[in-house]
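Since the model is a prediction, treat every value here as computed from it, not as a measurement.
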Amino acid sequence: MAGQSFTFLRWKYSNYFELVEEREKGIVVKCRLCVGEKLLSTAKNTTSNLKKHLHAKHSTTEMDEKEPNDTCTPPQAKQQKLDFSSPSPGKTISSTELNKLVAAFIVEEMQPLSTVEAPTFRNIISKISVTGKRTGGVLPDRKTFTNFLDNAYMEMETDLKKTFADLEYVSTTADLWTAQNKCFLGITVHWIDPASLHRQKAAIACRRFRGRHTYDAIAAEIEQIHSSFALCGKITATVTDNGANFVKAFRMFQADDDEAENNEDEVIFTALHEVLRDDSETSERYILPPHHRCASHTLTLICTNDVVKFLTAEELCALCEHDVTVVLD
């Protein structure tokens, strides 16, 4: 049969077909690329039908020509298949590294700390190979893990302060929002790395804001956060939205550069009783950096307020002109 179907066997793409039956005037083959039992017939002395099948059904498949002396090489899959077999054990990690990975998951995904005590989560962690332990990773209880997070936060805060100490200029953003009937204040810092000239950023505050959202309370919180990271004097500007209390806080407590330059070499005498007097009007004086309003928020207000008012006014004018025309007519 191999001699009679020599034309098919020496064809460069015959490895994509399996010879099923040889008849008097032709042969029957099965396409290896088609799903199921796809049978094709062709004459013994030609492979035109098989060429048409490859062009019509498998034109997007990259074909490999078989070796000249290979008459039965099966086709090689061009797409890598997923391997669902059991993988070999990966490298082990230390318990500290495991805790850092879990801490990153808890913080970035905003999961409750009770997650570390969930049986299903601990079962997943137990499948991770940990150095020096045969039973896999074991997480500490909630209280111990909370202490681990606190220590990690202190390390991060220390590293940020060291970074800020080497910087000459930074900028900050501040925002207030309400969630679950609780108000929060968030502040971020942005700077350019002196070595790589890449932009860097860090969140330095996300805390509860208790009490009324008055301009002086906002100023006190912002100044306290800036001072805690030794940023006073380095901030070129603070960006906020167009909230009235934010705007008033920076208007009332923003340092006057011209006045500061004029009074830099002057000696100012202050009465002792004014220094010792417990007067809230004189003691609560905050210094805030220059203020920039968020351009995106400003454009949003323009589109949602001013443009709508303008279009509404134009429609009213058009209606009035129409009514006047009708009356005159």
Give the table of side-chain donor-acceptor pairs shorter than 3.5 Å for residues 170-181, with sequence neighbours excluded, one pair per line with atom names and distance.
from	atom 1	to	atom 2	distance (Å)
T172	OG1	T238	OG1	2.7
T173	OG1	T188	OG1	2.3

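Scanning for side-chain contact (heavy atoms from CB on, under 4.5 Å) contacts around A202 gives L160, W191, with sequence neighbours left out. Every residue two or more places apart in sequence or in another chain was checked for a ring-ring contact (aromatic ring centres under 6.0 Å, His included) with H297, and none qualifies. Every salt bridge (charged side-chain N to carboxylate O under 4.0 Å, His left out) that E18 has, sequence neighbours left out, goes to K30. The salt bridge (charged side-chain N to carboxylate O under 4.0 Å, His left out) test applied to E221 returns R207, not counting sequence neighbours. Remark: A220 pairs with Y286 by the side-chain contact (heavy atoms from CB on, under 4.5 Å) rule, at least two apart or across chains. Not counting sequence neighbours, R142 has no partner by the salt bridge (charged side-chain N to carboxylate O under 4.0 Å, His left out) test.
Applying the ring pair (Phe, Tyr, Trp, His ring centres under 6.0 Å) test to residues at least two apart or on different chains, the pairs with a partner in residues 93-128 are F105-F121. Legend: salt bridge (charged side-chain N to carboxylate O under 4.0 Å, His left out) pairs involving residues 151-174, not counting sequence neighbours: none detected. For residues 215-242, every residue pair satisfying the ring pair (Phe, Tyr, Trp, His ring centres under 6.0 Å) rule, not counting sequence neighbours, is listed here: Y215-F253. Residue pairs meeting the side-chain hydrogen bond (donor to acceptor under 3.5 Å, both in side chains) criterion with at least one partner in residues 98-110, sequence neighbours excluded, are absent.
Hydrophobic cluster membership for M110: none, as no Ile, Leu, Val, Met, Phe, Trp or Tyr side chain comes under 4.5 Å of it.
Linking ILVMFWY side-chain heavy atoms closer than 4.5 Å, directly or via other members, places F184 and V239 in two distinct hydrophobic clusters.
A side-chain N or O of D193 and one of S196 form a donor-acceptor pair less than 3.5 Å apart.
Side-chain atoms of V189 and K201, non-hydrogen and from C-beta on, never get closer than 4.5 Å to each other.
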